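Because the structure is a prediction, the values reported are computed rather than measured. Remember, it's 1-based here, ligands and their atoms both numbered in the order they're listed.
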Amino acid sequence: MVISSQKELDLISSACKIVAETLFKLKNYIKPGVSALYLDKIAERYILSRGGFPAFKGYRGYPATLCVSVNNEVVHGLPLQTKILREGDIVSIDVGVRYKGYYGDGAWTFPVGRVSKEAEKLIDVTKKALDLAVSTVRAGVTIGDIGSVVQEYVESQGFSVVRDYAGHGIGKELHEFPQIPNFGKRGKGPVLEEGMVLAIEPMVNAGSYEVEVLLDGWTVVTKDGSLSAHFEHTILVRREDALVLTSI
Ligand code: MF3
Ligand code: CO
């Protein structure tokens, strides 16, 4: 969407604030022995208590509030009771909120206890890729400018960007125009306009970029079994910069 009033900006900011608060709250619960379903219940209760609704629940039949993706799982992991976090895992948590008809979307990858050097680097590189993408954004840049910045940085660190899933416009729907791939060429693609709201979400694999979907119909995993990380912010495009909406 393109924001057209202060009221709209306030509503979408509220949705995004609930997303950020949910991730911040979940951070305290992430430890060995905790199930993904437990995290899902904490998140759902919190979102409802803030007057929001879990945006993923029911989206194309998705059954839960969170996507909880562990280690080689890239995105869309189901928050199962049998999915128990263990020391050394990395866990990506994706959460969407609808508030008074407006959407916010965000994701964060957390270490569970102490993790390997490679896992730590993967998390740092993916977070930095998102930060670089956000700092590239202002009115007049292209979708390809965002993708190329993410791709060049990630590949320079020896990792790969997932090709099959992308960021997206957001606002009155969870997924809106334009798609925001995490790879691309400078100067190519749609031009960003002031007031656009975007969800930028690099998904980075330690090995090959190839992924596949498990038989549950949701969970996306790396083909080679390598680790994967995912960070996402919803942002507002401004004349000179981007405003991150999914921050506390
Ligand atoms: N955050 C995901 C995205 O940006 C949405 C998950 S889709 C769902 O596309 F179906 F799992 F809800
Ligand atoms: Co998203």
Side-chain angles (χ1 to χ4, degrees), residues 1 12-13 15-23 26 36-37 39-41 43-44 47-48 52-70 73-80 83 91-99 102-110 126-127 129-131 133-134 137 143 146-147 150 161-183 192 196-205 211-221 228-237 242 244-247:
M1 70 178 291
I12 200 151
S13 298
C16 290
K17 198 63 79 185
I18 299 170
V19 166
E21 290 166 358
T22 302
L23 289 169
L26 287 172
L37 182 65
L39 299 176
D40 189 79
K41 290 303 152 206
E44 177 169 29
I47 292 165
L48 294 172
F53 292 91
F56 299 167
K57 201 171 242 191
Y59 182 84
R60 297 183 179 211
Y62 191 74
T65 295
L66 299 179
C67 298
V68 179
S69 308
V70 177
E73 297 174 352
V74 180
V75 287
H76 304 166
L78 294 165
L80 305 174
K83 193 179 279 187
V91 58
S92 302
I93 298 191
D94 193 345
V95 57
V97 168
R98 189 179 71 251
Y99 180 79
Y102 291 83
Y103 287 85
D105 193 359
W108 200 277
T109 299
F110 301 94
T126 310
K127 173 67 168 65
L130 174 58
D131 293 344
V134 170
V137 170
I143 292 297
I146 299 175
V150 171
V161 291
V162 171
R163 310 288 206 262
D164 295 3
Y165 299 86
H168 47 95
I170 182 170
K172 291 179 175 162
E173 304 288 341
L174 179 60
H175 293 142
E176 296 184 3
F177 172 85
Q179 272 212 75
I180 310 173
N182 294 297
F183 61 96
L192 304 187
M196 274 184 162
V197 185
L198 307 175
I200 301 180
E201 48 179 321
M203 290 148 265
V204 175
N205 296 349
V211 299
E212 61 195 11
V213 180
L214 296 185
L215 288 173
D216 64 20
W218 285 105
T219 313
V220 178
V221 297
S228 189
H230 178 211
F231 284 82
E232 176 175 25
H233 273 313
T234 298
I235 60 127
L236 171 68
V237 180
V244 175
L245 299 175
T246 41
S247 62

| field | Any side-chain heavy-atom pair of Leu245 and Val19 under 4.5 Å | value | no
| query | Between CD of Glu201 and OG1 of Thr126, what distance do you get to the nearest 0.5 Å? | reply | 12.5 Å
| task | Tell me the residues surrounding ligand 1, counting only those with a heavy atom closer than 4.0 angstrom, sorted by chain and number. | result | Phe56, Tyr59, Tyr62, Cys67, His76, Asp94, Asp105, His168, His175, Glu201, Trp218, Glu232
| query | Above 12 or not: heavy atoms from other molecules or residues under 6.0 Å from CD of Glu21? | reply | yes
| Min side-chain heavy-atom separation His230-Thr109 under 4.5 Å | yes
| query | Does some side-chain heavy atom of Leu66 sit less than 4.5 Å from a side-chain heavy atom of Phe56? | reply | no
| Minimum side-chain heavy-atom gap Val161-Pro202 below 4.5 Å | no
| note | When rounded to the nearest 0.5 Å, the distance separating CD of Glu44 from CZ of Phe53 is 10.5 Å
| query | Counting only protein N/O/S, how many atoms fall short of 2.8 Å from the Co ion (ligand 2)? | reply | 4
| Rounded to the nearest 0.5 Å, what separation is found between the CG atom of Leu37 and the CG atom of Leu80? | 8.0 Å
| message | Working note: Tyr165 + His76, criterion side-chain hydrogen bond (donor to acceptor under 3.5 Å, both in side chains); need CA distance, chi angles, decisive distance, verdict. | response | CA-CA 11 Å; Tyr165 299 86; His76 304 166; 5.3 Å; no
